[in-house]
Peer 1: 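Let me begin by handing over the structure; questions about it come next.
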Amino acid sequence: MKITLNRVNDDFLFECTNSQGNSILLDNTSQPGAKGVSPMESVLMAVAGCSGIDVVSILKKQRQEITDFKAEVEGERIPVEDAKPFKSISVKFLLEGNIDPKKALKAAQLSFEKYCSVSKTLEPTVEIGYEVFVNGEKVD
């Protein structure tokens with residue numbers, strides 16, 4: 001796996017491109033007029049995308065009918081010397097459709113405990129929690 005990063009302007013805007021030519025823009029969002037996401041926001045996006053792919057894949061294999069899928073991800077950061085790494089990340093899955101709530105919860109559990117490489121990479125130092133909602137109801 002390899003990406004390339006190219007500076008786009010005279011400030012902090014970078015285009016990151018993968019080997020298939022797909023790209024995202026990264027920027028220093030503490031500056032006015034930022035045109036990309038911050039690197040730390042991209043980490044939260046990666047958690048959402050990785051776990052989202054897992055959950056959808058698992059539920060599709062179980063023939064669950066997903067009509068809408070969203071994830072909300074929040075990260076709490078703490079100062080460590082001059083950096084501010086994540087202390088914790090919480091993910092809220094919002095699913096709609098003809099979905100067995102227990103299967104949705106199990107899919108999320110499998111993602112975070114077994115499959116999601118992004119969260120497994122962060123896991124040694126970041127506490128990651130999740131909640132699942134199906135058709136507006138929290139699944140316990």
Peer 1: Give the cluster check for Met40 versus Val118: same hydrophobic cluster or not, with ILVMFWY residues linked at side-chain heavy-atom distances below 4.5 Å.
Peer 2: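 Yes; Val118 is reachable from Met40 via cluster members.
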Peer 1: Kindly write out the residues that satisfy ring pair (Phe, Tyr, Trp, His ring centres under 6.0 Å) with Phe14, not counting sequence neighbours, or none if the list is empty.
Peer 2: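 Testing Phe14 for ring pair (Phe, Tyr, Trp, His ring centres under 6.0 Å), a comparison that skips the adjacent residues, returns none.
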Peer 1: Got a second to check how far Thr17's OG1 is from Glu15's CD, nearest 0.5 Å?
Peer 2: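 Taking OG1 in Thr17 and CD in Glu15, the distance rounds to 4.0 Å.
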Peer 1: Should Tyr130 and Lys92 count as side-chain neighbours, where that means a heavy-atom distance under 4.5 Å?
Peer 2: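 Side chain of Tyr130 against side chain of Lys92, heavy atoms only: no contact under 4.5 Å found.
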Peer 1: Run the side-chain contact (heavy atoms from CB on, under 4.5 Å) check on Val43 and Leu122 step by step: do they pass?
Peer 2: CA-CA 10 Å; Val43 172; Leu122 298 171; 4.0 Å; yes
Peer 1: Going through the distances and angles, do Asp11 and Leu13 end up as a side-chain contact (heavy atoms from CB on, under 4.5 Å)?
Peer 2: CA-CA 6 Å; Asp11 285 318; Leu13 184 62; over 6 Å; no
Peer 1: If hydrophobic clusters are built from ILVMFWY residues whose side chains come within less than 4.5 Å, do Val37 and Phe86 share one?
Peer 2: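 In one cluster with Val37: Phe86, no.
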Peer 1: Between Met45 and Leu94, is there shared hydrophobic-cluster membership here, with clusters defined by ILVMFWY side-chain heavy atoms closer than 4.5 Å?
Peer 2: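 No, Met45 does not connect to Leu94 through the hydrophobic network.
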Peer 1: Could you measure the distance from the CG atom of Leu5 to the CZ atom of Arg7? Nearest 0.5 Å is fine.
Peer 2: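 With rounding to 0.5 Å, CG (Leu5) is 10.5 Å from CZ (Arg7).
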Peer 1: For the CD1 atom of Ile99 and the OG1 atom of Thr67, what is their distance to the nearest 0.5 Å?
Peer 2: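 Spacing of CD1 (Ile99) from OG1 (Thr67) equals 6.5 Å.
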Peer 1: How close do Cys116 and Cys50 get, heavy atom to heavy atom, and via which atoms?
Peer 2: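 Nearest heavy atoms, Cys116 then Cys50: SG-SG, 2.7 Å.
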Peer 1: Could you state whether Val126 and Val73 fall into the same hydrophobic cluster, counting links through intermediate Ile, Leu, Val, Met, Phe, Trp or Tyr residues with side-chain heavy atoms under 4.5 angstrom apart?
Peer 2: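 Looking at the clustering, Val73 is in the same group as Val126.
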Peer 1: Provide the closest heavy-atom pair for Leu95 versus Val55 in the form atom of the first, atom of the second, distance.
Peer 2: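 Nearest pair, atom of Leu95 first, then Val55: CD2-CG1, 4.4 Å.
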Peer 1: Under a 3.5 Å threshold, yes or no: a donor from one side chain and an acceptor from the other, between Thr29 and Asp27?
Peer 2: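 Distance-only check fails for Thr29 and Asp27.
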Peer 1: Checking the side chain of Glu123 only, and the main-chain atoms of Lys120 only, is there a donor and an acceptor separated by less than 3.5 Å?
Peer 2: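 No, the answer is negative, given that no donor and acceptor are paired below the 3.5 Å cut-off.
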Peer 1: For the pair Gln64 (side chain) and Gln62 (backbone), establish whether a donor and an acceptor sit closer than 3.5 Å, ignoring hydrogens and angles.
Peer 2: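 Flag set: sc Gln64 to bb Gln62 pair under 3.5 Å.
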Peer 1: I need the Ser57 OG to Tyr115 OH distance, nearest 0.5 Å.
Peer 2: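 OH of Tyr115 is found 9.0 Å from OG of Ser57.
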Peer 1: Can you see which heavy atom on Val134 is nearest to which on Ala104, and at what distance?
Peer 2: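 Heavy atoms of Val134 and Ala104 come nearest at CG2-CB, 3.8 Å.
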Peer 1: Do Leu59 and Asp100 have side-chain heavy atoms sitting under 4.5 Å apart?
Peer 2: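 Sidechains of Asp100 and Leu59: no contact.
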Peer 1: Once you round to the nearest 0.5 Å, how far does CD of Glu65 lie from CD of Glu96?
Peer 2: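 CD of Glu96 is found 13.5 Å from CD of Glu65.
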Peer 1: Looking at residues at least two apart in the chain, or sitting in another chain, which of them share a salt bridge (Lys or Arg N to Asp or Glu O under 4.0 Å) with Lys87?
Peer 2: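 If we apply the salt bridge (Lys or Arg N to Asp or Glu O under 4.0 Å) test to Lys87, skipping adjacent residues, there are no hits.
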Peer 1: Can you name the closest pair of heavy atoms from Lys35 and Leu25 and give their distance?
Peer 2: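 Minimum heavy-atom contact is O-CD1, 3.8 Å.
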Peer 1: Inspect the surroundings of CD in Glu127 and state if more than 12 heavy atoms from other residues, nucleotides or ligands are less than 6.0 Å away.
Peer 2: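 At most 12 heavy atoms, drawn from other residues, nucleotides or ligands, come within 6.0 Å of this atom.
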Peer 1: Side-chain donor-acceptor contacts of residues 106-113 below 3.5 Å, not counting sequence neighbours, with atom names and distances?
Peer 2:
residue: Gln109; atom: NE2; partner: Glu113; partner atom: OE1; Å: 3.4
residue: Ser111; atom: OG; partner: Asp54; partner atom: OD2; Å: 2.9

Peer 1: Considering all heavy atoms of both residues, which atom of Pro39 and which atom of Ser42 are nearest to each other, and what is their separation?
Peer 2: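 Smallest heavy-atom distance, with atoms named: O-OG, 2.5 Å.
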Peer 1: Hey, is the main chain of Gly97 close enough, under 3.5 Å, to the side chain of Asp68 for a donor-acceptor pair?
Peer 2: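 No.
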Peer 1: Do any N or O atoms from the side chain of Arg77 and from the backbone of Lys84 form a donor-acceptor pair under 3.5 angstrom?
Peer 2: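 A pair under 3.5 Å: yes.
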Peer 1: Run the ring-ring contact (aromatic ring centres under 6.0 Å, His included) check on Phe69 and Phe93 step by step: do they pass?
Peer 2: CA-CA 7 Å; Phe69 181 95; Phe93 293 111; 5.8 Å; yes
Peer 1: Find the distance between CG (Leu26) and CZ (Phe12) and round it off to the nearest 0.5 Å.
Peer 2: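 Nearest 0.5 Å value for the CG-CZ distance: 13.5 Å.
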Peer 1: Can you hop from Ile58 to Val132 via hydrophobic side chains spaced under 4.5 Å?
Peer 2: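 Hydrophobic grouping puts Ile58 apart from Val132.
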